[in-house]
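Numbered from 1 within each chain, the chains take letters A, B, ... in sequence-line order.
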Amino acid sequence: MAKRYWLLKSEPDAYGWNDLIKQGEGTWDGVRNHRAANNLRAMAVGDEAFFYHSNEGREIVGIAQVSASGLTDPTDPEGKWAAVKVTPLRKLRRPVTLKTIKADAALAGMELVKLSRLSVSVVTQEEWAHVLELAGG
DNA sequence: GCCAACGTTGGC
DNA sequence: GCCAACGTTGGC
């Protein structure tokens, strides 16, 4: 299957891009929303994901790559929820803010915009390419 | 700090 | 099974 694209949201206070850089690899767990969990389960190794800072910054700061998929959430005692591992791929030349995304007609349909509380969302190939353009490549 | 959106819970 | 109440998230 072709590579797919995602967006991972995190509060920089709790776990930011710099934390991912520092650790080299991060486990994406603790997701307790069914739609977000479904997205997690759909991820495959090699897929790429925007790393978005919520609350503080409110911008896409970098790109992460899925390094392990289909894991069971280690923070879930019942083992029902999913998790993946990601590694930092690269930082964006220019962060792309939520404001910019909302103001851009080509990105108005993003799951991030439509379901603002979703912590793991889908990014289409077109949206991915467009955000990269805004980021200066 | 406020509030809208959404999910979950619990009474019926 | 419906729906009101409540809690949480996250943008502003």
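In this structure, CG of Asn33(A) is placed 14 Å from C1' of dG7(C), rounded to the nearest angstrom. Look at CZ on Arg35(A): it is 23 Å from P on dT8(C), rounded to the nearest Å. Rounded to an integer number of Å, the gap from CG of Asp13(A) to P of dG11(C) is 13 Å. Taking atom CZ of residue Arg117(A) and atom C1' of nucleotide dT8(C), one finds them 6 Å apart after rounding to whole Å. Distance Lys9(A) NZ to dG11(C) P: 5 Å, rounded to the nearest Å. Rounded to a whole Å, the CG atom of Leu115(A) is 13 Å from the C1' atom of dG10(C). Counting to the nearest Å, the P atom of dG11(C) and the CG atom of Leu98(A) are 6 Å from each other. The separation between Lys114(A) atom NZ and dA4(B) atom C1' is 18 Å, rounded to whole Å.
Across every non-hydrogen atom of Val86(A) and Ala64(A), the tightest pair is CB-CB, 4.1 Å.
Closest contact between the side chain of Tyr52(A) and the listed nucleotides dG11(C), dT8(C), dG7(B) involves dG11(C). The side chain of Arg58(A) sits closest to dC12(C) out of dT8(B), dC12(C), dC6(B).
Remark: Lys102(A) is in phosphate contact with dC12(C), judged by side-chain N or O atoms under 4.0 Å from OP1 or OP2.
The existence of a salt bridge linking Lys80(A) and Asp73(A) is excluded, since no basic side-chain nitrogen approaches an acidic carboxylate oxygen closer than 4.0 Å.
Other residues sharing a hydrophobic cluster with Phe50(A) under the 4.5 Å side-chain heavy-atom criterion for ILVMFWY residues are Tyr5(A), Leu7(A), Tyr52(A), Ile60(A), Ile63(A), Leu89(A), Leu92(A), Val96(A), Leu98(A), Ile101(A), Leu107(A), Met110(A), Leu112(A), Val113(A), Val123(A), Trp128(A), Val131(A), Leu132(A), Leu134(A). Side-chain heavy-atom separations under 4.5 angstrom define the hydrophobic clusters, and the remaining members of the one that includes Leu115(A) are Leu118(A).
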